[in-house]
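Contents: one structure, followed by commentary.
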Amino acid sequence: MRIRARSPDGDLTPCLTADDLLTGREAAAEAIRSRFTLLRGEWWENRSLGFDLPGRLPPEEAEAMITAYIAGTAGITAVTNTRYTHGREAAYSCTVRFSGGEADVNVDL
């Protein structure tokens, strides 16, 4: 898995050579974080892509929805050790398995 990195502001960073691409754990985590930045209906080219915020779902349903969304990320083969916390802010953490190994992922929602 290879993917472009994002700056702290969320912008894609320049990629002049293949060495500028993220690989391994960093690439898997970035692919997941990138998917969460797109809300459903936001991308003009394919409005079916994107994430629906869990809103007022019970915590168990919200966690299951987020886990399924992450599992749908290209290259991810398993999602384990999930944890969803909510309150004024929501956060989700998990371990993902991909062809290059495993990576811990934390997402603020």
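Results of the side chain to side chain contact (heavy atoms under 4.5 Å, CB included) test with R4 over P14, S34, C15 single out C15 as the only residue that passes.
Aromatic ring orientation, F51 versus F36: perpendicular (interplanar angle above 60°, classes split at 30° and 60°).
Side-chain contacts under 4.5 Å among hydrophobic residues (ILVMFWY), followed directly or transitively, place L22 together with I3.
Rounding to the nearest 0.5 angstrom, the gap separating the OG1 atom in T85 from the CD atom in E63 is 9.5 Å. Here the straight-line distance linking atom CZ of R33 with atom CD1 of I70 works out to 10.5 Å at 0.5 Å rounding. Between L21 atom CG and E30 atom CD the span is 11.5 Å, to the nearest 0.5 Å. The structure places OH of Y84 at 8.0 Å from CE of M65, a figure rounded to the nearest 0.5 Å. Separating the CD1 atom in I76 from the CZ atom in F98 is a distance of 7.0 Å, to the nearest 0.5 Å. Annotation: the span from I66 atom CD1 to T82 atom OG1 amounts to 9.5 Å, rounded to 0.5 Å.
Proximity of a side-chain donor or acceptor of T13 to a complementary backbone N or O of A5 within less than 3.5 Å is detected.
Remark: R25 CZ is loosely packed, at most 12 non-hydrogen atoms of other residues, nucleotides or ligands lying under 6.0 Å away.
The two residues S93 and N106 make their nearest non-hydrogen contact at CB-OD1, 3.0 Å.
Considering only heavy atoms from C-beta on, T67 comes within 4.5 Å of Y92 through its side chain.
Between the side chains of R97 and T80, no donor-acceptor pair is found at a separation under 3.5 Å.
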